[in-house]
Asks: 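For reference, the structure I am asking about is given below.
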Protein chains: 2
Amino acid sequence: MSGQISPRQLEAFHAVVEHGTMTRASQQLNISQPAVSRLLADLAHDLGFALFDRRDGRLVPTQEARFLLPDIRRVLDLLDRISETSRDITQRKAGDLRIACLPGFAISHLPRVVADFLKDRPGVTVTLEPDRPERILEWMVGEQFDFGITDGFDGHPAVEREEIRVRTVCIFPQDSPLARQDVIRPRDLVDQKLIHTRRDSPFFRLLNEAFLADGQSITTFVEARQFTTACEFVAQGVGVSVVSELDAVKYRGQGVEYRPFRPAVPHRLSLVRPIHKQPSMITLEFMECFAESLHPFRQQDE
Amino acid sequence: MSGQISPRQLEAFHAVVEHGTMTRASQQLNISQPAVSRLLADLAHDLGFALFDRRDGRLVPTQEARFLLPDIRRVLDLLDRISETSRDITQRKAGDLRIACLPGFAISHLPRVVADFLKDRPGVTVTLEPDRPERILEWMVGEQFDFGITDGFDGHPAVEREEIRVRTVCIFPQDSPLARQDVIRPRDLVDQKLIHTRRDSPFFRLLNEAFLADGQSITTFVEARQFTTACEFVAQGVGVSVVSELDAVKYRGQGVEYRPFRPAVPHRLSLVRPIHKQPSMITLEFMECFAESLHPFRQQDE
DNA sequence: GCATGTATATAATAAAATGTTATATGATAA
DNA sequence: TTATCATATAACATTTTATTATATACATGC
């Protein structure tokens, strides 16, 4: 005997309530009838009152037993659920995934990848937090997120990163004469109004170098923090820009066309995560999945 | 190892989460440290993923583990609650008690008894359903209530009853000259306006016999179904009545006075319950408690 | 580097819980 | 009555959970 009620006893009790006889309950539990008999005897002894009345052959729970029944059902349900979700976790079907990313990603590439990822993982919940790179770094260091997507990242001892260089392209209004060229170089843009990222951003520095290498210099027309903003401007016919191909494809067909830009000025994305935090299996899997999704846009080294 | 996660493992897991180390968890669980170590190892194996990361000495649950934690807490809480309420039940402190009674009882004697009964039984819940005797009988036969209080009951094979004969008294307005007498007999009421129960009620028949025995006959003035209604009429100075002393005491001091009535016409109450339904301990205890509460009002056999 | 204290893991084994089979008891229906 | 069904009991095997004793890992201070 236990002295403490055991869930096994509750399980047996519940089965008998459901089936009306110990014999049938034992069949359902896949154990012998005496085993059920003992479990119930022990439970009744531990609880201190009778659990069943006989009633023309069937076992009917006493009022006291019925009083406990709802709680007992809840316990058994919960135990079932725990095994079930744990199985889902091992099959990477459940978990919680906290992602911090640049605002541009939250509205373009990422949602599609996340949606795809969630499709066959019904138990997984995702938090998506778009913010500036500085905040993303903070969150990684503070281990408040599992995974981050940022750019212009120099490294940090508490952060593990994988750098991915994404192709960039020159975008321009659909009807621009630039559409007649196969590739676009800085010198093709001298008469164009150029929309570019902030002058203190790493990407601007790279772009500037590319212009200098071609004997040109950038004349600022509009400064936009995000590539998506630049795309919007271009869609309005305001000017041209050099942006990640990721963003460009989203706007193609919305009044925007694009061509490769030479020399290559890759957008240096960083996939980051807290280095001291043991990554959950879901996190690892998502990171792989996300890196995979960027593959078609990767800058091939030349 | 179990192959199936056991609540014992969950308990150990929870204790370690709370205390940060296995050693302290083992102390809290009052078992040895190796026992905890194995429970956790088995649980991790059964679940299929790591439960903890080491982090400068402390054990910090992995993200997967944290994901399960809320459900685990709920299970353990529920198990606790089951043992707790079962303890309350054995100490007659919890349960559900369904009482059907005559409407008069629901507003006079019974509430006080129930309130007293509930005072030191915090977990007990009571349903009180007042209705006519016919319905009360139905409910007993249908086993929809645990306990009933009725009158004029002839017995029924599915109903167990205990008959209690309650003293009746003659009530009259405070300022009535009847107050000068020690006992009141039918002949004292010839000039009074008499309020009595329905002519087809068993109590009316008894009362009528008493009047006949005294050489009088009843002249109807007001017919009231319930004693309490009769009391209200008397309180308004409308007339006099013969009612259960139980009701009379409630109205004494509200403009009503009473004296013993002779010959004795007891009010024949029946405490009933479904004969086939195993009474819960709470029911038995309440029945005893209620019968006890009627003791001071019992008609002594003469 | 080494000793030291603390925390966890492992091994051998004991105790308790949970299962088995075989069989007795008790109630019900033919 | 007999046959049948459901449950209880007894003797015993297996599994789980605990124990003690001991080894290992790891950070800390010297």
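Chain letters run A, B, ... following the sequence lines, proteins first, then strands; residues in each count from 1.
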Asks: From the options D/dA8, C/dT8, C/dG19, select the nucleotide whose nearest atom is closest to the side chain of A/Ala35.
Replies: C/dG19
Asks: Whole angstrom is fine here: how far is it from CD1 in A/Ile31 over to P in D/dA8?
Replies: 14 Å
Asks: Measure CG/B/Leu51 against P/C/dT8 and give the value in whole Å, please.
Replies: 14 Å
Asks: In whole angstrom, what separates A/Phe13's CZ from C/dT18's C1'?
Replies: 20 Å
Asks: To the nearest 0.5 Å, what is the distance between CG on A/Leu97 and CZ on A/Arg121?
Replies: 10.0 Å
Asks: Exactly one of A/Arg273, A/Arg268, A/Arg298 should register a salt bridge (charged side-chain N to carboxylate O under 4.0 Å, His left out) with A/Glu162. Which one does?
Replies: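 It is A/Arg298; the other options fail the test.
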Asks: Find the distance A/Leu59:CG to D/dA6:P and express it as a whole number of Å.
Replies: 10 Å
Asks: Are A/Arg8 and C/dG19 close enough that a side-chain N or O sits under 4.0 Å from OP1 or OP2?
Replies: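 Checking C/dG19 against A/Arg8, a side-chain N or O does come within under 4.0 Å of OP1 or OP2.
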Asks: When the distance from CD of B/Gln9 to P of D/dA18 is rounded to whole Å, what number comes out?
Replies: 10 Å
Asks: Check whether any side-chain heavy atom of B/Gln9 lies under 4.5 Å from a side-chain heavy atom of B/Leu51, and answer yes or no.
Replies: no
Asks: Is the phosphate of D/dT17 approached by B/Ser6 (side-chain N or O, under 4.0 Å from OP1 or OP2)?
Replies: yes
Asks: How many angstroms lie between atom CD1 of A/Ile99 and atom CD1 of A/Ile136, to the nearest 0.5 angstrom?
Replies: 11.5 Å
Asks: Are OP1 or OP2 of D/dT7 and a side-chain N or O of A/Thr23 less than 4.0 angstrom apart?
Replies: yes
Asks: Classify the nucleic acid contact of A/Ser32 as base, sugar-phosphate or nothing, counting any heavy atom under 4.0 Å across all strands shown.
Replies: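 Result for A/Ser32 = base.
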Asks: Under a 3.5 Å threshold, yes or no: a donor from one side chain and an acceptor from the other, between A/Asp53 and A/Thr62?
Replies: no
Asks: Which of the following nucleotides, C/dA9, D/dA8, C/dT8, is nearest to the side chain of B/Ser37?
Replies: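 Nearest nucleotide to the side chain: C/dA9.
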Asks: A/Arg58 has an atom CZ; how far is it from atom P of D/dC5, in whole Å?
Replies: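 Whole-Å distance recorded here is 17 Å.
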Asks: Can you measure B/Leu40 atom CG to C/dT8 atom P for me and round it to whole angstrom units?
Replies: 10 Å
Asks: Under 4.0 Å between any heavy atoms, over every strand shown, what does A/Arg38 touch: base, sugar-phosphate, or nothing? Just pick one.
Replies: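 Contact class for A/Arg38: base.
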Asks: Can you measure B/Leu39 atom CG to C/dT8 atom C1' for me and round it to whole angstrom units?
Replies: 14 Å
Asks: Counting heavy atoms from C-beta on, name the nucleotide in C/dT18, C/dA22, D/dT7 closest to the side chain of A/Pro34.
Replies: C/dA22
Asks: With a 3.5 Å cut-off and heavy atoms only, can you find an N or O donor on one side and an acceptor on the other between the side chain of B/Gln33 and the base of C/dA7?
Replies: no
